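Report on the structure given below.
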Amino acid sequence: VVHRLVVRPVRANAWCRFSLGDSDLLPASLRAFIKLSAPLTKSLFVDGAALRFTQVGLRAPFRGSAAELLRGVMEDYQAQLPSCWETLLGNSNAILGGLLSRQLWNPKQPRIT
């Protein structure tokens, strides 16, 4: 039994690529927006988007496996993803294939610390 679990706020930068054709990671409305704004784009490239998630934790005593506990914490973070779409799109090739994004004129380089 876990009586208390707190995961501090998380800050991260994301570099990733999503295939627009078969990705269930992106909401259908977001995929449709990208297809309209950049019809020739087959993949969404995210270049250094700054992601910030608030603190999450247990709201009641938890009884179960470690996998179930981790799944619950991940669901709390997934609920915060809609607030990250703006930074993901602003740091990607989603609008006009990246012509209006910082990705073209000031690309970020991954840095591991």
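No hydrogens, no waters, no symmetry mates; every other heavy atom, side chains included, goes into these values. Here the structure is a predicted model, which is why all the values come from computation and not from measurement.
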*Does Q55 reach the side chain of V6, with side-chain heavy atoms less than 4.5 Å apart?*
yes
*With the side chain counted from C-beta on, respond yes when P9 and T54 share a heavy-atom pair under 4.5 Å apart, and no when they do not.*
no
_Donor-acceptor contact below 3.5 Å, side chain Q80 vs main chain Y77_ = no
_Closest approach of L69 to F62 (non-hydrogen atoms, all atoms of both residues)_ = N-CZ, 3.5 Å
*asked:* Once rounded to the nearest 0.5 Å, what's the spacing between atom OG of S83 and atom CZ of R52?
replied: 11.0 Å
*Can you tell me how far CG of L70 sits from CD of E75, rounded to the nearest 0.5 angstrom?*
10.0 Å
*asked:* As an exercise, state the distance from CZ of R63 to NE2 of H3, rounded to the nearest 0.5 Å.
replied: 7.5 Å
*Group every Ile, Leu, Val, Met, Phe, Trp and Tyr by side-chain heavy-atom contacts under 4.5 Å, then state whether L5 and M74 land in the same group.*
no
_Student check: side-chain heavy atoms of L88 and L51 closer than 4.5 Å_ = yes
*asked:* Around atom CD of E86, are there more than 12 heavy atoms from other residues, nucleotides or ligands closer than 6.0 Å?
replied: no
*So which heavy atom on S43 is nearest to which on S19, and how close?*
OG-CA, 4.2 Å
*Rounded to the nearest 0.5 Å, how far does CG of N91 lie from CH2 of W15?*
9.0 Å
*Distance (rounded to the nearest 0.5 Å) between F53 CZ and D76 CG*: 11.5 Å
_Please report the interatomic distance CG(N93) to CZ(R17), rounded to the nearest 0.5 Å._
9.5 Å
